[in-house]
Number of protein chains: 2
Amino acid sequence: MERETAEKAPTIQDVARIAQVSAATVSRALSRPERVTDATRNRVSEAVRITGYTLNQSARSLRLRAARAILVALPDIGNPFFSTVLDAIEREAARRGYGVLVANRFARDNTDALRDYFLSNRADGLLLLDGSVDAEQLAAFTRAPINLPLIVACESIPGAPFHTVITDNFYAAKQAALYLLQSGHTRIGHIKGPKGNVLSSEREAGFLAGLASASAERREDWMFTGGFSMDDGARAAKALIALKIRPTAVFAANDEAAIGFISEISRLGLKCPDDVSVMGFDDLEIAAHFQPPLTTMRQPREAVGRLAAEALIDLIEGAPGKIVPKQFVLSSELIVRKSTAPPPSLRS
Amino acid sequence: MERETAEKAPTIQDVARIAQVSAATVSRALSRPERVTDATRNRVSEAVRITGYTLNQSARSLRLRAARAILVALPDIGNPFFSTVLDAIEREAARRGYGVLVANRFARDNTDALRDYFLSNRADGLLLLDGSVDAEQLAAFTRAPINLPLIVACESIPGAPFHTVITDNFYAAKQAALYLLQSGHTRIGHIKGPKGNVLSSEREAGFLAGLASASAERREDWMFTGGFSMDDGARAAKALIALKIRPTAVFAANDEAAIGFISEISRLGLKCPDDVSVMGFDDLEIAAHFQPPLTTMRQPREAVGRLAAEALIDLIEGAPGKIVPKQFVLSSELIVRKSTAPPPSLRS
DNA sequence: AAAATCTATGCAATCGATTGCATTACTTTC
DNA sequence: GAAAGTAATGCAATCGATTGCATAGATTTT
């Protein structure tokens, strides 16, 4: 287990010997340079240069009880939505000198594993990008005696007292519905996200609120059970094709479902937007390059990641004590492209 | 800096006191259960349960000089190709009890930062998914006195003595060219990857080798300067449209460029595959759902990630000493979909 | 010039887990 | 039953950085 290196890495003692000061002074020279004289600081810098010293994080972590790392738990790194958010998190964390540990596809019932990263001093806090966890258990982690610094981002956990960074999914979905209504559509369907997912239900509710506000028709067989994957979208397409009365527009719970949907209806002979307008949600990079380019609600993914990382590190470094949970709610933006058009009835 | 927790986390000493044994015995009971009596083992287990003890990784790392974590350095997590590989890496690492630290978009000239993760005892080894680094400097890291365990995956660094896990890009690209030739195309273009990238040049060379083996025509103005992004593909599309004599098929260096290309030629009035067949490389998830579904070379991304993680951890845990660099070369697979067809001249 | 104040630095304990060596208790062998 | 061997456990040093407290020296105040 113990690694054998020909030459051991230089330690603070080595630097101290060469600079002819004590290890304590080296430590101070490096972390609070104003506390030592110029002469000492220079001697230490020189000794660091000579030895090629790098601080041993394990020793530092042990002493300070701080790992200078955060754990990011996500449901699926492979998903471009999450990987972009992760990108922003990583950037912000690096800026503030923190490492980023990733835990992918951790099971719902595996919150203990996340807690243990904290308890075992590998991470100083948790950034959770998944709302499908036991809120009660999670809340217990944030209280004494554990006091896990926690930020929930992307997906909220309703009614739970966590710091969160989310986007306003309800309002954005309502905007989407309103946009389709304003384009002249009266028969509008929705490809729902996965069951039990908070984002799904908020987007569905927002969509229905949009319909309701215009007193538009709402039919159960236009509410397609779906999911967030392309295959889910394709399944919804098959369901739509089978209908006698079809909606002229469909709002999908995310871009991937929208793409899978369009892909499948094209295969089956319908055209988008000629026969059916389709909207997505997220504005993934592919949305602009898909055929047809996808009308969608753009979520500020980078901002979500950056703010979440920022908030978590503030929490970690902040004074302990009672902190009122902060909620950041960012807005999404309507991006109109070619996958939506007025319904056939309104076209010349 | 020092975190103040109401109650400190239980330590091995606490467990020892409750189990009425020494800390040394607790340590042994946990790491090598066969070395203690059943009675002791049970008492320790019970004490662990009572206290809720979790091992402090910092202390362990300090003592053992091992972090039980690997650092994955990649050029762009946001890219679905890399994020899938990362997914596989994470899974394998977790299986073997290793944490995964990510370093994204690290600059070419910033290899020191990667080395410092190792020197500072935050990571036990480096998994590099980017070939665009200074090979000489990197090689120095793997030698004494640093002895950084290193695996280069996805992109090889030619002529450098590293363990690598790659796919056979040259052969796969040649296969792609041969497939297009066999479909009857005689005028075939190529959207090149980014300049200076190893993958780009191997795919380009393989493509040209394919053409050469069939003595097919090769024209400089059919070799589009490109890149790996959708925008790069779109630019190539504009260049193609401007040509007097156009190729009837195009092989793009990756799926994203292929998608950007198809998207742009559609916008400009050409149809795929009717006017031009297009092939990609990678088989991203979107490839199957794009319109038209994309013919492509599927890279075994999961296998690459898994093998790379496996090899790195073997290297970390293996006996130190001279190790001959191992090269894993995996094969890609032709996936035929609808974006390719025989050229117009051969169709009825 | 003595007293008080301040500054720079060193000493030594500390963080928590691991392990070589020493010790004790128990078993086997002749 | 004494000697030798073995198994289980404890003692104490160790990994490397940080920091409260002590001290020596410099500076200011009276």
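What's counted below: heavy atoms across the whole structure, side chains too, no hydrogens, waters or symmetry copies. The chains referred to below are lettered A, B, ... by the order of the sequence lines, with proteins before strands, and numbering in each begins at 1.
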When you compare the protein's N or O atoms with those of nucleotides 21-27 of chain D, which come within less than 3.5 Å of each other, and at what distance?
none

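- Listed by first and then second residue, the salt bridge (charged side-chain N to carboxylate O under 4.0 Å, His left out) pairs that reach into residues 141-155 of chain A are A:Glu136-A:Arg143, sequence neighbours excluded.
- In the set D:dG16, C:dA17, C:dC11, the nucleotide with an atom closest to the side chain of B:Gln13 is C:dA17.
- Among the nucleotides C:dT9, D:dG10, D:dG16, the one closest to the side chain of A:Arg35 is C:dT9.
- Contact between the side-chain N/O atoms of B:Thr11 and the OP1/OP2 oxygens of C:dG16 is not found at any separation under 4.0 Å.
- Screening residues 17-28 of chain A for side-chain hydrogen bond (donor to acceptor under 3.5 Å, both in side chains), with sequence neighbours left out, gives A:Asp14-A:Arg17, A:Ser22-A:Thr25.
- Look at A:Tyr53 and you won't find any side-chain N or O under 4.0 angstrom from OP1 or OP2 of D:dG16.
- Distances were taken from every side-chain heavy atom of A:Arg63 (C-beta onward) to each of C:dA8, D:dT19, D:dC15; the shortest belongs to D:dT19.
- If you check every strand for non-hydrogen atoms under 4.0 Å, A:Thr40 touches sugar and phosphate atoms only.
- Proximity of B:Thr25 to the phosphate of D:dT9: no side-chain N or O atom is located under 4.0 Å from OP1 or OP2.
- Across all strands, B:Val26 comes closer than 4.0 Å to no nucleic acid atom at all (heavy-atom distances).
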Worked check of salt bridge (charged side-chain N to carboxylate O under 4.0 Å, His left out) between B:Arg301 and B:Asp87
CA-CA 10 Å; B:Arg301 285 178 284 165; B:Asp87 185 1; over 6 Å; no
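- Checking the phosphate oxygens (OP1, OP2) of C:dT9, a side-chain nitrogen or oxygen of A:Thr37 falls inside 4.0 Å.
- The side chain of B:Arg60 approaches C:dT18 more closely than any other nucleotide in the set C:dT18, C:dC11, D:dG16.
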